[in-house]
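This report refers to the structure that appears directly beneath it.
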Amino acid sequence: MKFDTIIIGGGLSGLVSGIECARAGQRTAIVSAGQSALHFWSGSFELLGHADGKAVIADPLSHIQSLPERHPYRVIGADRLRSLLGRVPSILGDAGLKVSGSLDANHLRLTPLGFMKPAWLTLNDYVALDADAPMPWKKVALVNIYSYLDFYPRFLAAGLEKKGVECHMATVNIPQLDILRRSTTEMRATNMSRFLTDEAVDDLAFKINEVATGCDAVIMPAILGIFSDEPVERLRRAVKCPVWFIPTTPASVPGVRCQLSLRDLFIRLGGEFLPGDTVKRGEISDGRLHRLYTVNLGDMPLEADNFVISTGSFFGHGLIADMEHIYEPALGLDLNVSEGRTAWYDKDFYAPQPYMTFGVVTDDDFHPSWHGRTVSNLYATGALLAGFNALKEGSGAGITLATALHAASRITGA
Amino acid sequence: MTLQQQNISDNNFESCIKCTICTVYCPVTAVNPDYPGPKQAGPDGERYRLKKPLFYDEALKYCLNCKRCEVACPNDVRIGDIIQSARIKYAKSRPSLRDTMLANTDFVGSMASTFAPLVNFTLGLRPVKYLMDATMGIDEHRTFPKYSSTRFETWYRRKAADTQAKFDRQVAYFHGCYVNYNFPQLGRDFIKVFNAIGIGVQLLGKEKCCGVAKIANRCIKEATRDAELNLRSIREAVGNGLDVMLTSSTCCFTIRDEYPHLLHLDNADVRDHISLAMRTLYRLVDEGKAKLVFRKDFHKRVAYHVPCHMEKLGWGIYSSTLMKMIPGLDFVHLDPHCCGIAGTYGFKKEYYDYSQGIGRPLFDQILESKVDSVATDCETCKWQIEMSTGVPVENPISLIAQALDVEATMKANGVTVPPVAD
């Protein structure tokens with residue numbers, strides 16, 4: 001089966017490069033081995049949250065010079081980063097996801113444990129505060145759902161009270177959710193969101209209004225709007241003060257929403273999404289990748305002019321570690337892995353871990369190499385790449401999106 | 001072998017990282033909170049059941065074995081297999097008379113097709129439906145598929161067999177119960193298309209029901225016996241150089257994957273020779289070994305529903321790509337949703353409302369899309385969608401057959417064997 005471009009990996013990176021290729025009129029396919037890490041999404045994308053051991057607020061792009069030389073941001077360069085990433089809000093908007101944020105300054109997002117962390121883009125219904133501005137509320141209601149265990153108001157309150165915000169903790173219930181308590185394990189954000197539509201939203205709003213009197217805002221777990229904005233908008237209309245959401249443990253409602261919205265946009269643009277399939281091997285010769293063999297398609301390979309590999313790091317199985325080796329399982333690409341298991345990690349759990357920076361070695365255009373030779377029609381993007389520590393830098397989403405858009409722009413010539 | 005590799009069971013439940021993504025995509029969880037969800041029913045529950053079988057939860061019966069949990073799982077855990085294996089191993093109740101009857105599609109089919117006009121008439125009567133509901137628990141709202149008075153095998157022997165022998169290239173056909181007893185036209189459409197590109201179609205020496213209904217209703221001894229017979233026939237055909245074609249995605253999935261995973265029958269020697277007709281047709285067209293010429297007067301707006309087991313096979317792209325090749329076919333994509341019937345599940349009174357609730361988003365999208373027909377590769381999806389939307393449902397190979405310019409296709413492929421007379 002022949003395509004113009006085939007993308008291995010159906011997470012944020014694969015979907016965004018797929019969308020851009022399909023939009024340019026390319027016959028594009030995405031091979032996705034199970035659902036992606038987007039299901040763990042917080043509702044915010046980070047660009048560069050920390051540099052030189054300090055939180056970055058103003059002008060994050062000016063800090064990329066302090067990153068290691070082979071860091072993906074430095075390879076792309078600040079000017080091109082600005083132009084690539086500038087497209088992200090409109091791509092998300094096309095998928096129906098409304099975000100706020102700027103490349104010129106980070107804002108602060110409120111984490112589920114009550115910390116403020118620098119972020120670049122945040123979904124409109126999630127807490128995003130200007131770093132220099134005073135807290136916008138004097139008193140907030142932290143509203144949980146009765147018997148829901150994945151929301152921690154006391155942590156939030158501890159964080160907010162440090163900033164001088166008075167917190168009123170309350171728990172509400174509506175009978176429409178009683179049904180979920182019939183099974184002890186199923187009181188989950190995504191399950192609740194299926195039942196929180198139409199009149200159930202009005203009933204929930206009524207209960208929230210009862211406990212939020214005298215509060216400037218309601219902060220509650222993200223349990224609405226898994227398939228559309230409608231329930232969220234309905235709730236915000238009915239609650240008497242502004243409502244803000246906090247992401248929950250996975251699968252997160254904003255994460256599922258983002259995954260499905262981007263996938264649907266890709267398919268609307270004519271893309272072929274192959275769910276639940278895994279690339280077993282590829283045929284590489286003369287510095288080009290010719291075809292891929294997958295578990296489901298068996299002896300009928302996928303061929304394309306260009307390929308993108310966006311399979312993630314260890315968590316996404318883009319990298320596999322066994323007791324002796326770390327390898328890239330789809331194509332066997334070259335990695336920057338240190339020799340010997342003990343060199344993979346630091347015994348201080350909180351120290352920067354070497355394995356976090358392991359990944360696929362590429363040239364300056366993000367072409368990976370295979371047996372020491374560059375593969376010129378293949379691009380590697382996102383968490384699979386070597387040379388950065390997304391956790392310490394707060395840079396994962398920015399790298400994912402920038403490298404995905406870089407690959408798409410090279411492939412489409414846009 | 002490393003320590004980590006030795007720590008994984010056959011059904012790999014240890015690979016579960018408890019992310020709960022499977023539960024998000026479970027169609028049963030969405031409508032039935034009594035179901036513990038695939039993570040709890042599958043890998044989580046398995047840990048307990050391995051300690052003590054008394055941890056088995058009867059609510060696992062709500063799983064309809066769509067395998068959408070497996071398609072969604074980032075860690076390739078065989079969640080659906082774990083749940084079905086647990087039902088087979090631990091469920092205490094014996095299959096009821098109703099379940100046994102629903103499971104024995106070939107026995108019931110052979111009886112019903114013998115008296116087809118009477119059976120079709122009777123099964124359509126309100127009092128009969130009411131009686132079946134009251135006495136057997138087959139929901140009175142369910143429309144039964146019509147039985148055919150001439151079985152496909154009979155038609156084939158009388159009308160088609162002689163012609164098939166004249167082709168140089170041959171494939172074998174596992175037609176399944178539905179084609180044989182209910183809808184021989186599907187088998188005839190398949191033969192029409194393959195004959196037009198110069199390929200003859202042979203029946204297997206013997207075939208029984210693929211076993212999907214028996215597995216779902218836990219008639220495992222009978223399912224295994226049938227499966228062994230089917231595998232013998234398939235091995236014989238493959239030994240004679242024939243690949244085995246199917247026109248039902250569920251039969252195909254069952255024989256390829258459920259035989260080894262649930263019945264523990266090794267089919268590795270023949271598995272790659274078992275394929276859906278649409279996949280093989282795509283391969284022939286793609287490799288330039290067959291040409292399809294379509295009629296200019298064919299016009300149809302068609303929505304394609306990828307059946308759950310087709311989604312699991314990963315082969316929906318073959319059907320959709322071939323249908324998109326038909327110039328007069330206006331293709332409409334449908335979101336991935338289970339239709340809710342899951343073979344015999346949707347016939348059962350106690351599941352009927354869940355079955356309809358699961359399919360609701362799909363039915364709504366079909367009704368909104370204003371299509372002439374729905375295409376799908378599974379017969380039970382067809383029953384459910386036709387009953388619930390009133391929109392006719394056709395197998396993709398039937399659409400190819402309708403749109404095909406047979407004469408021009410034969411000419412393009414250098415075929416001189418005259419087509420089987422209708």
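Any value given below was found using the heavy atoms of this structure, including those in side chains, with hydrogens, waters and symmetry copies removed. It should be emphasised that the depicted structure is a prediction, and the values quoted were computed from it without experimental measurement.
For the options Cys26(B), Gly316(B), Pro336(B), heavy-atom pairs under 4.5 Å to chain A are most numerous at Pro336(B). The choice from Glu311(B), Glu70(B), Arg279(B), Gln40(B) that makes the most heavy-atom pairs within less than 4.5 Å of chain A is Arg279(B). The most heavy-atom pairs under 4.5 Å with chain A, out of Ala30(B), Gly314(B), Gly37(B), come from Ala30(B).
Proximity to chain B is limited to the side chain of Arg188(A), based on heavy atoms less than 4.5 angstrom apart. For Phe195(A), the part lying under 4.5 angstrom from a heavy atom of chain B is the side chain only. The part of Ser36(A) that comes within reach of chain B is its backbone (N, CA, C, O), which places non-hydrogen atoms under 4.5 angstrom from that chain. For Lys324(B), the part sitting under 4.5 Å from any heavy atom of chain A is the side chain, from C-beta outward, and nothing else. Residue Arg263(A) touches chain B through its side chain alone, counting heavy-atom pairs closer than 4.5 Å. Only the backbone of Cys73(B) has a heavy atom closer than 4.5 Å to any heavy atom of chain A. Contacts between Glu303(A) and chain B at a heavy-atom distance below 4.5 Å are absent for every atom of the residue. With a 4.5 angstrom heavy-atom cutoff, Lys312(B) touches chain A only via backbone atoms. Looking at Leu274(A), only its side chain comes within 4.5 Å of chain B, counting heavy atoms on both sides.
Within a 6.0 Å sphere centred on NZ of Lys18(B), heavy atoms belonging to other residues, nucleotides or ligands number more than 12. Annotation: Glu339(A), atom CD; neighbour count of heavy atoms from other residues, nucleotides and ligands within 6.0 Å does not exceed 12.
Nearest approach of Thr20(B) to Ala251(A), heavy atoms of both residues: CB-N, 4.3 Å. When every heavy atom of Glu272(A) is checked against every heavy atom of Ser320(B), the shortest pair comes out as OE2-OG, 4.3 Å. Nearest approach of Met1(A) to Asp286(B), heavy atoms of both residues: N-OD2, 3.4 Å.
Look at Asp299(A) and Arg283(B) and you find a salt bridge, because one of the NZ, NE, NH1 or NH2 atoms lies within 4.0 Å of a carboxylate O, short of that distance.
Side-chain contact between Tyr35(B) and Glu186(A) is absent, with no heavy-atom pair separated by less than 4.5 Å. Within the 4.5 Å cutoff, the side chain of His333(B) has no heavy atoms near those of the Arg268(A) side chain. In this structure, Phe40(A) and Ile21(B) have side chains that are in contact, with non-hydrogen atoms separated by less than 4.5 Å. Side-chain contact check for Asn75(B) versus His317(A): some heavy-atom pair is nearer than 4.5 Å. With a 4.5 Å cut-off on side-chain heavy atoms, Asn191(A) and Thr29(B) count as touching.
The ring of Tyr25(B) has its center closer than 6.0 angstrom to the ring center of His39(A).
Of the possible donor and acceptor atoms, one in the side chain of Arg194(A) sits under 3.5 Å from a partner among the backbone N and O of Val24(B).
Rounded to the nearest 0.5 angstrom, Leu260(A) CG and Asp335(B) CG are separated by 9.0 Å. Separation of atoms CD1 (Ile179(A)) and CG (Asp34(B)) is listed at 7.5 Å; rounding is to 0.5 Å. Note that CH2 of Trp315(B) and CG of Leu297(A) are 9.0 Å apart. Values are rounded to the nearest 0.5 Å. One finds the CG atom of Leu302(A) at 7.0 Å from the CD1 atom of Ile317(B) (value rounded to the nearest 0.5 Å).
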